[in-house]
K.L.:
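This is the structure I have questions about; it appears just below.
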Amino acid sequence: MKPWHYVAGELHIEQVPVADLAIRYGTPLYVYSAHAITARWRELDQALSGQRHLICYAVKANSNLSVLRLLTDLGSGFDVVSMGELDRVIAAGGRPDRTVFSGVGKSTAELRYALKTGVHCIDVESIAELTRLGEIAAQLGQAAPVALRVNPDVDAATHPYISTGLRDNKFGIPLAQAEPLLRELQSDPRFALKGIACHIGSQITDLQPLRDALTSLLDLADRLGAQGIGLEQIDIGGGIGIRYREETPPSLTDYGRMLSDQFAGRPETLVLEPGRALVGEAGVLLTRVEYLKTQSARRFAIVDAAMNDLLRPALYQAHHDILPARARTGEADLWDIVGPVCESGDFLGLARRLALQAGDLLAVSDVGAYGFVMASNYNSRPRPAEVLVSGAQHRLVRRRESLEALYAAEIDPEEGDRR
């Protein structure tokens, strides 16, 4: 169930009219539903109730501190891919010992920080990374908790930019190389072997690729068990998609039951790393129409949000429904909803049938994941504010970026670098 609905022709998120939020906080504005995030997390947790498990929310999807605090309070663990994300988890009250550190290119500083903060596990993606991690662990005098990320060569049937489980992708260690490497890891005192992991992609709408990937991991775990190498956990990653347009993704209940069925009777803990599935549908981006313009055969609605605020349409040609804040009577036309950035690729939606006037408020749906986190300052545009709604209550959870903040970290050209 989406968290927005119309009441007497006015679009609401939970119990709050979005028009009130735009007046209070300005536009462009990201708005998130606390109830939607809570309901999704609890649905997945309940579906896995019969199986020992750890849900590690993928911070890259939405890293706002208030979102992380909400998930912390629900009992969530976290999946991070940078030192900055790990620091955000800690700042939000999250527990490092319930946090998995993933990512294909971890720096020496990041690996050292992960060990010093006591993360639950580091998902290692290459032999070179293992070598570096072993050296750091020896220097610190501690055994590094590790899982080996395996590349199972499974096609997630998703956009090629977010497919991560094929042999040609940069992620993970080929399945054929994993078994001898795991045998070496178990006997190396610099490491504490936790288990194995994979992640085959994002916005997956069919359970079969995930079932195939998990089967590969379980077969590997069984072969290791026959050699006396027991694993504490098996990490299936994330990737479950949401409905943006015509997709028919499985419910989190069905997803959880599939995982529980395959894990039935096994001794390992199931670790999973959902991101988009928990927060994607919880967010809208509010934007106001600045101008209407007809050029040749096309109609353009130029709004105050742009590709720097929401990159997915330009980057992935992703579809997001665009809803009027107030249902308007009158003839609807096909409009390209475009931003003010100096790029022809700056659009939020193309050929949308809407009845519009200048000044109208629009809501771009399903932006709770990979929305603000991918925002930039291109064209020296300040990033939007963020608001969290809970019932009839709402609060600012990120201030709108100021113009001064755009160059605060830069060196004054009159001063120069006087080192």
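None of the values given here were measured: they were computed from a predicted structure.
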K.L.:
Taking Gln317 for the side chain and Ala314 for the main chain, is one N or O donor matched with an acceptor at less than 3.5 Å?
P.N.:
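Yes, because the side chain of Gln317 sits within donor-acceptor range (under 3.5 Å) of the backbone of Ala314.
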
K.L.:
What are the two closest heavy atoms between Leu231 and Gly195, and how far apart are they?
P.N.:
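Reported closest heavy-atom pair: CD2-CA, 3.9 Å.
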
K.L.:
Identify the heavy atoms of Ala306 and Pro340 that sit nearest to each other, and give their distance.
P.N.:
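For Ala306 and Pro340, the tightest heavy-atom pair comes out as CB-CD, 3.7 Å.
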
K.L.:
For Asp321, enumerate each residue passing the salt bridge (Lys or Arg N to Asp or Glu O under 4.0 Å) test, keeping only those at least two apart in sequence or located in another chain.
P.N.:
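In terms of salt bridge (Lys or Arg N to Asp or Glu O under 4.0 Å), with neighbours along the sequence ignored, Asp321 is linked to no residue.
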
K.L.:
Under the side chain to side chain contact (heavy atoms under 4.5 Å, CB included) criterion, do Arg24 and Val387 qualify, and how do the steps go?
P.N.:
CA-CA 11 Å; Arg24 173 74 179 272; Val387 166; over 6 Å; no

K.L.:
Who are the salt bridge (Lys or Arg N to Asp or Glu O under 4.0 Å) partners of Glu268, not counting sequence neighbours?
P.N.:
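Partners of Glu268 under the salt bridge (Lys or Arg N to Asp or Glu O under 4.0 Å) test: Arg266.
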
K.L.:
Nearest 0.5 angstrom please: Leu356 CG to Leu362 CG, how far?
P.N.:
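If I round to the nearest 0.5 Å, the distance is 6.0 Å.
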
K.L.:
Got a donor-acceptor contact below 3.5 angstrom from the Asn379 side chain to the Arg381 backbone?
P.N.:
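No: the side chain of Asn379 does not pair with the backbone of Arg381.
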
K.L.:
Short question: side chain of Arg400, backbone of Gly26 - any donor-acceptor pair under 3.5 Å?
P.N.:
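It does hold such a pair.
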
K.L.:
Could you pull out the closest heavy-atom pair between Pro382 and Ser380, with the gap in Å?
P.N.:
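Closest approach of Pro382 to Ser380: CD-O, 3.7 Å.
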
K.L.:
I need the full list of ring pair (Phe, Tyr, Trp, His ring centres under 6.0 Å) pairs touching residues 318-343, with sequence neighbours left out, sorted by first then second residue.
P.N.:
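Qualifying pairs, neighbours excluded: Tyr244-His320.
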
K.L.:
Within this structure, what is the CD-CZ distance for the pair Glu110 and Arg132, rounded to the nearest 0.5 Å?
P.N.:
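Here the interatomic distance stands at 10.0 Å.
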
K.L.:
With sequence neighbours left out, what residues match Tyr378 under side chain to side chain donor-acceptor pair (under 3.5 Å)?
P.N.:
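In terms of side chain to side chain donor-acceptor pair (under 3.5 Å), with neighbours along the sequence ignored, Tyr378 is linked to Glu343.
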
K.L.:
Any donor and acceptor pair, going by atom type alone, linking the side chain of Arg98 with main-chain N or O of Cys56 inside 3.5 Å?
P.N.:
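Not a single qualifying donor-acceptor pair exists.
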
K.L.:
Compare every heavy atom of Val67 with every heavy atom of Asn62, then report the nearest pair and how far apart it is.
P.N.:
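Closest approach of Asn62 to Val67, heavy atoms only: OD1-CG2, 3.9 Å.
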
K.L.:
Would you please name every residue forming a side chain to side chain donor-acceptor pair (under 3.5 Å) with Ser63, sequence neighbours left out?
P.N.:
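Listed in chain order: nothing, the list is empty.
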
K.L.:
Count the heavy atoms belonging to other residues, nucleotides or ligands that lie under 6.0 Å from CZ of Arg328, then report whether that count exceeds 12.
P.N.:
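Atom CZ in Arg328 is packed in, count exceeds 12.
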
K.L.:
Under 3.5 Å, is there a donor-acceptor pair linking the side chains of Ser202 and Arg276?
P.N.:
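Yes, Arg276 and Ser202 have a side-chain donor paired with an acceptor closer than 3.5 Å.
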
K.L.:
Run the salt bridge (Lys or Arg N to Asp or Glu O under 4.0 Å) test against Lys2 and tell me which residues pass, sequence neighbours left out.
P.N.:
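With neighbours one apart ignored, the set is Glu281, Asp366.
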
K.L.:
Under the criterion side chain to side chain contact (heavy atoms under 4.5 Å, CB included), I'd like the reasoning laid out for Ile234 against Phe263: C-alpha separation, chi angles, the key distance, then a yes or no.
P.N.:
CA-CA 10 Å; Ile234 295 176; Phe263 255 79; 3.6 Å; yes

K.L.:
Is there a side-chain contact between Tyr30 and Leu310 in this structure, where contact means two heavy atoms from C-beta onward sitting under 4.5 Å apart?
P.N.:
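In short, these two side chains touch, coming nearer than 4.5 Å.
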
K.L.:
Quick one: list whatever passes side chain to side chain donor-acceptor pair (under 3.5 Å) with Ser82, sequence neighbours left out.
P.N.:
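For Ser82 there are no side chain to side chain donor-acceptor pair (under 3.5 Å) partners, ignoring immediate neighbours.
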
K.L.:
Under the side chain to side chain contact (heavy atoms under 4.5 Å, CB included) rule, what do Val89 and Val59 come out as? Steps first, then yes or no, please.
P.N.:
CA-CA 8 Å; Val89 167; Val59 174; 3.8 Å; yes

K.L.:
Can you tell me if Gln393 has over 12 outside heavy atoms packed within less than 6.0 Å of its CD?
P.N.:
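Not buried by this count: 12 neighbours or fewer within 6.0 Å.
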
K.L.:
Can you tell me which residue pairs pass the ring pair (Phe, Tyr, Trp, His ring centres under 6.0 Å) test with a partner in residues 106-146, sequence neighbours excluded?
P.N.:
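Every pair satisfying ring pair (Phe, Tyr, Trp, His ring centres under 6.0 Å) with a residue in residues 106-146: there are none.
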
K.L.:
Measure the CZ-OG distance between Arg211 and Ser216 for me, rounded to the nearest 0.5 Å.
P.N.:
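One finds 13.0 Å between CZ of Arg211 and OG of Ser216.
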
K.L.:
Sort out for me which residue in Arg299, Arg298, Arg352 forms a salt bridge (charged side-chain N to carboxylate O under 4.0 Å, His left out) with Asp336.
P.N.:
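Of Arg299, Arg298, Arg352, salt bridge (charged side-chain N to carboxylate O under 4.0 Å, His left out) with Asp336 is met by Arg298 alone.
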
K.L.:
Does the side chain of Ser390 pick up a donor-acceptor pair with the side chain of Glu14 at under 3.5 Å?
P.N.:
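Note: Ser390 and Glu14 side chains miss the donor-acceptor criterion.
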
K.L.:
Which atoms form the tightest heavy-atom contact between Glu129 and Glu125, and what is the distance?
P.N.:
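For Glu129 and Glu125, the tightest heavy-atom pair comes out as OE1-N, 3.0 Å.
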
K.L.:
Please list every donor-acceptor pair under 3.5 Å in which a side-chain atom of residues 252-260 meets a protein atom from a residue at least two apart or in another chain.
P.N.:
from	atom 1	to	atom 2	distance (Å)
Thr253	OG1	Glu43	OE2	2.9
Asp254	OD2	Ser251	OG	3.4
Ser260	OG	Gly256	O	3.1

K.L.:
At what distance, to the nearest 0.5 angstrom, does CE of Met83 lie from CZ of Arg88?
P.N.:
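Taking CE in Met83 and CZ in Arg88, the distance rounds to 14.0 Å.
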
K.L.:
Would you say Tyr291 has more than 12 foreign heavy atoms packed within less than 6.0 Å of its OH?
P.N.:
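For Tyr291, atom OH is not crowded (no more than 12 foreign heavy atoms under 6.0 Å).
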
K.L.:
Working to the nearest 0.5 angstrom, can you tell me the gap between Ile200 CD1 and Leu214 CG?
P.N.:
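Ile200 atom CD1 to Leu214 atom CG measures 10.0 Å (nearest 0.5 Å).
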
K.L.:
His35: which residues meet the ring-ring contact (aromatic ring centres under 6.0 Å, His included) condition with it, sequence neighbours left out?
P.N.:
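Counting only residues at least two positions away or on another chain, His35 forms no ring-ring contact (aromatic ring centres under 6.0 Å, His included).
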
K.L.:
Does Ile173 form a side chain to side chain contact (heavy atoms under 4.5 Å, CB included) with Asn151? I'd like the steps, not just the answer.
P.N.:
CA-CA 5 Å; Ile173 291 171; Asn151 186 322; over 6 Å; no

K.L.:
What is the distance from atom CG of Asp45 to atom CD1 of Ile55, rounded to the nearest 0.5 Å?
P.N.:
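Those atoms lie 4.5 Å apart.
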
K.L.:
Please find the pair of heavy atoms, one from Thr27 and one from Ala22, that lie closest to each other, and give the distance.
P.N.:
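Here Thr27 and Ala22 meet closest at CG2-CB, 3.8 Å.
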
K.L.:
Checking Ser365 against Trp4: is there a side-chain donor and acceptor pair closer than 3.5 Å?
P.N.:
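There is no such pair (donor and acceptor under 3.5 Å, judged by atom type) between the side chains of Trp4 and Ser365.
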
K.L.:
So does Leu334 have more than 12 non-hydrogen atoms from other groups sitting under 6.0 Å from CG?
P.N.:
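It does: Leu334 CG has more than 12 such atoms within range.
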
K.L.:
Sub-3.5 Å donor-acceptor pair from the side chain of Glu273 to the main-chain atoms of Gly238, do we have one?
P.N.:
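Checking the backbone N and O of Gly238 against the side chain of Glu273, no donor-acceptor pair under 3.5 Å is found.
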
K.L.:
Any chance CZ of Arg399 has more than 12 other-residue heavy atoms, nucleotides or ligands included, within less than 6.0 Å?
P.N.:
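Not more than 12 within 6.0 Å, no.
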
K.L.:
Applying ring-ring contact (aromatic ring centres under 6.0 Å, His included), can you list everything that pairs with Tyr25, at least two apart in sequence or on another chain?
P.N.:
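With neighbours one apart ignored, the set is His394.
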
K.L.:
Side chains of Leu11 and Pro17: closer than 4.5 Å at any heavy-atom pair?
P.N.:
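Contact flag for Leu11/Pro17 side chains = no.
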
K.L.:
Quick one about Tyr32 and Glu386 (side-chain donor to acceptor, distance below 3.5 Å, no hydrogens or angles considered), yes or no?
P.N.:
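Looking only at side-chain atoms, Tyr32 and Glu386 do form a donor-acceptor pair, the distance falling under 3.5 Å.
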
K.L.:
Hey, is Arg288 close enough to Asp360 for a salt bridge, meaning N to O under 4.0 Å?
P.N.:
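Judged by the 4.0 Å cut-off on N to carboxylate O distance, Arg288 and Asp360 do not form a salt bridge.
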
K.L.:
Please list, chain by chain and in numerical order, all residues satisfying side chain to side chain donor-acceptor pair (under 3.5 Å) with Ser66, sequence neighbours excluded.
P.N.:
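Partners of Ser66 under the side chain to side chain donor-acceptor pair (under 3.5 Å) test: Arg395.
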
K.L.:
Would you indicate whether the side-chain heavy atoms of Val104 and Ser126 approach each other to under 4.5 Å?
P.N.:
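A side-chain contact is absent here, since even the closest heavy-atom pair is not under 4.5 Å.
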
K.L.:
Under the side chain to side chain donor-acceptor pair (under 3.5 Å) criterion, do Ser376 and Asn308 qualify, and how do the steps go?
P.N.:
CA-CA 5 Å; Ser376 75; Asn308 75 290; 5.1 Å; no

K.L.:
Before accepting this row, confirm whether a basic side-chain N of the pair Asp79/Lys60 lies closer than 4.0 Å to the acidic partner's carboxylate O.
P.N.:
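Yes.
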
K.L.:
Would Gln139 and Arg112 count as having a side-chain donor-acceptor pair, cut-off 3.5 Å?
P.N.:
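Short answer, yes.
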
K.L.:
Does some side-chain heavy atom of Val338 sit less than 4.5 Å from a side-chain heavy atom of Val303?
P.N.:
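In short, these two side chains do not touch, never coming nearer than 4.5 Å.
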
